[in-house]
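Naming convention: chains lettered A, B, ... in sequence-line order (proteins, then strands); numbering from 1 in each chain.
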There are 2 protein chains.
Amino acid sequence: MNITIADPQPHTMAQVLKEILLFPANGAGICPVRDVLDRIGDKWSLLIILNLGAEENLRFNELRRRVAGISQRMLTVTLRNLEADGLVDRTVYAEVPPRVEYRLTDLGHSLTGVVIGLTNWATAHTPAIAAARARFAG
Amino acid sequence: MNITIADPQPHTMAQVLKEILLFPANGAGICPVRDVLDRIGDKWSLLIILNLGAEENLRFNELRRRVAGISQRMLTVTLRNLEADGLVDRTVYAEVPPRVEYRLTDLGHSLTGVVIGLTNWATAHTPAIAAARARFAG
DNA sequence: CTGAATCCGAAACGATACTG
DNA sequence: CAGTATCGTTTCGGATTCAG
């Protein structure tokens with residue numbers, strides 16, 4: 001199955017965007033785009049989702065190793081937020097030493113498609129952005 | 001034309017994510033995902049791109065009105081960054097009073113597909129997230 | 001109209017030390 | 001192993017003021 005994002009014809013694309021912007025939530029108080037960015041737009045959420053999506057489940061320190069550079073504190077904080085948002089499930093096993101497994105919920109899995117789209121765009125256009133920055137700076 | 005994001009079968013999705021994570025940039029210094037988030041993951045970039053994508057071009061104060069709540073400073077700052085990244089084009093007309101038009105570049109337009117995907121996910125699952133938060137808090 | 005410059009409070013993040 | 005608690009730094013963004 002393929003997922004259709006949008007028709008690439010410029011004027012049709014513009015039409016889709018207009019409809020999005022006409023959505024009642026926009027202009028008023030809360031906007032869905034803002035909302036989702038407030039949750040996954042931080043420094044670590046997306047990388048955690050990416051890694052959890054690649055495996056059935058991961059333990060705390062396994063995840064810590066995979067998400068290079070994250071501090072223990074930020075891993076804990078970010079995981080708690082993702083759990084609160086219903087994107088991640090946390091399972092504690094009453095063992096010694098303790099074992100805690102994290103896995104994506106169905107809601108979390110539903111995000112991975114979007115994440116992949118974002119990642120593909122990023123990898124494809126990072127060189128163009130770098131070139132633009134160099135041009136702008138020079 | 002349709003854009004294929006991914007096969008929705010869980011194990012295949014996991015495979016796609018694994019390949020993404022194996023990409024040389026990850027684990028090393030710079031990661032494309034992190035890179036794109038550093039640029040459009042802030043408070044206003046995505047909303048500006050959304051609005052510019054809906055029109056041919058927009059003047060500074062037109063944009064200011066549409067992006068509800070943005071301060072003059074942040075509109076300027078964000079537009080400069082988007083311009084530096086090659087996502088937005090800025091055209092100054094030597095008139096009095098001055099007129100400045102902003103429009104998406106081709107690179108900017110290429111992002112709108114991703115943005116639409118993100119927005120669709122957001123609008124579809126915002127209620128589920130809200131419910132999860134309520135559950136978590138209670 | 002479209003900015004630039006400055007100031008300041010809030011929030012995000014990292015480092016470190018400690019715990020069941 | 002998987003956290004919690006505290007602290008200090010940095011970054012972000014809003015308000016305000018001034019200018020071409």
With the side chain defined as heavy atoms from C-beta on, B/Tyr102 is closest, among C/dT2, C/dG3, D/dG3, to C/dG3
Look at all strands and tell whether B/Glu95 reaches a base, only sugar-phosphate, or nothing, counting heavy atoms closer than 4.0 Å. nothing
Describe the nucleic acid contact of B/Tyr93 in one word from base, sugar-phosphate, nothing, applying a heavy-atom distance below 4.0 Å.
nothing
Closest to the side chain of A/Thr76, out of D/dT4, D/dA2, D/dG14, is D/dT4
B/Arg65 atom CZ is separated from C/dC1 atom C1', nearest whole Å, by 11 Å
When rounded to whole Å, the CG to P distance for the pair B/Asp38 and D/dT11 reads 12 Å
Name the nucleic acid region contacted by A/Arg64, choosing base, sugar-phosphate or nothing; use a 4.0 angstrom heavy-atom cut-off, strictly under.
-> nothing
With a 4.0 Å cutoff (strictly under), does any side-chain N or O of A/Arg59 reach OP1 or OP2 of D/dG3?
no
- Task: Walk me through it: do A/Leu50 and A/Leu46 pass the test side chain to side chain contact (heavy atoms under 4.5 Å, CB included)?
- Result: CA-CA 6 Å; A/Leu50 218 55; A/Leu46 223 49; 5.9 Å; no
The nucleotide from D/dG3, C/dC1, C/dG3 with an atom nearest the side chain of B/Arg80 is C/dG3
Which of D/dT4, D/dG13, C/dC13 is nearest the side chain of A/Asp42? It is C/dC13
Quick one: does B/Leu47's side chain get under 4.5 Å of B/Trp44's, heavy atoms only? yes
To the nearest angstrom, the CZ-C1' distance between B/Arg99 and C/dT2 comes to 13 Å
From CE of A/Met74 across to P of C/dA12 the rounded distance in Å is 8 Å
When A/Ser71 and A/Pro98 are each assigned the nearest nucleotide of DNA chain C, the 5'-most assignment goes to A/Ser71
Between CG of A/Leu75 and P of D/dG3 the distance, given in whole Å, is 8 Å
Please determine whether side chain to side chain contact (heavy atoms under 4.5 Å, CB included) holds for the pair B/Phe60 and B/Thr76, giving the CA-CA distance in whole Å, both sets of side-chain angles, and the decisive distance to 0.1 Å. CA-CA 8 Å; B/Phe60 187 84; B/Thr76 303; 3.5 Å; yes
Rounded to whole Å, CD of A/Gln72 lies from P of D/dT4 at a distance of 9 Å
A/Lys43 has its side chain closest, among C/dG14, C/dG3, D/dT4, to C/dG14
B/Arg73 atom CZ is separated from C/dT2 atom C1', nearest whole Å, by 16 Å
Discussion item. Is any side-chain heavy atom of A/Leu82 closer than 4.5 Å to one of A/Leu52?
Written reply: no
Do A/Arg39 and A/Asn81 touch side chain to side chain, with heavy atoms closer than 4.5 Å?
no
